[in-house]
Amino acid sequence: CKTCGRPFKRTDRQNRYWHAEPFLKLAEGWGCSVDDAKLIAMGTFWGWKVVQGKELPVKAHTSDMTVKEGTVFLDWLIPFAAEQGIEILLPDEWKDAA
């Protein structure tokens, strides 16, 4: 909020795009669920922490990111997917294709 100076969380638009394009395509390419692909990508980028003996992403939910963090994450995610042989549309390309 403006009065407390906290950064805004990721936008709904960012969230819709991530789940419909990069996370979905990573899941299809890796043969796993969208939720698993999201956790793998988030952990690979943000790092991992151990909770009760299990490794979990430091940021496990897109709602844990600010708009700026989400932009930085996406700037990393598209080339990361390309390294995996998975082509991801940019947000504007995805919007035009939808």
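Quick caveat: nothing in here was measured; it's all calculated off a predicted structure. This chain uses plain numbering: 1 for the first residue, then up along the sequence. Computation of the quantities below employed the complete heavy-atom set of this structure, encompassing side-chain atoms and omitting hydrogens, waters and symmetry-equivalent molecules.
Closest of all the heavy-atom pairs between Val58 and Lys49 is O-NZ, 3.9 Å. The nearest pair of heavy atoms linking Ala27 to Ala37 is N-CB, 3.6 Å. Shortest non-hydrogen contact noted between Ala60 and Met42 is C-CE, 4.1 Å.
Using cut-offs of 30° and 60° for the angle between ring planes, the Phe80 and Trp76 rings count as parallel.
From Leu39, atom CG reaches atom OG of Ser33 across 7.5 Å, with rounding to the nearest 0.5 Å. Between the CZ atom of Arg10 and the CG atom of Asn15 there is a distance of 4.0 Å, given to the nearest 0.5 Å.
Using a 4.5 Å heavy-atom cutoff, the side chains of Asp64 and Glu69 are not in contact. Inter-residue side-chain proximity for Trp18 and Met65 is flagged as met; some heavy-atom pair is nearer than 4.5 Å. Side-chain contact between Ile86 and Trp30 is present, with heavy atoms from C-beta onward closer than 4.5 Å. Side-chain contact between Leu26 and Leu77 is present, with heavy atoms from C-beta onward closer than 4.5 Å. Between Pro22 and Tyr17 there is a side-chain heavy-atom pair separated by less than 4.5 Å. A heavy-atom distance below 4.5 Å is found between the side chains of Lys38 and Thr62.
Of the possible donor and acceptor atoms, none in the side chain of Trp46 sits under 3.5 Å from a partner among the backbone N and O of Lys59. A donor-acceptor pair under 3.5 Å is absent between the side-chain atoms of Glu21 and the main chain of Trp94, judged by distance alone. Under the 3.5 Å distance criterion, the side-chain polar atoms of Gln84 are left unmatched by any main-chain donor or acceptor of Ala81.
There is no path of hydrophobic side-chain contacts, each under 4.5 Å, that joins Trp48 to Phe73.
Checking Ile78, Val72, Thr71 one by one against Leu74, the side chain to side chain contact (heavy atoms under 4.5 Å, CB included) holds for a single residue, Ile78.
Heavy atoms of other residues, nucleotides or ligands lying less than 6.0 angstrom from CD of Glu55 number more than 12.
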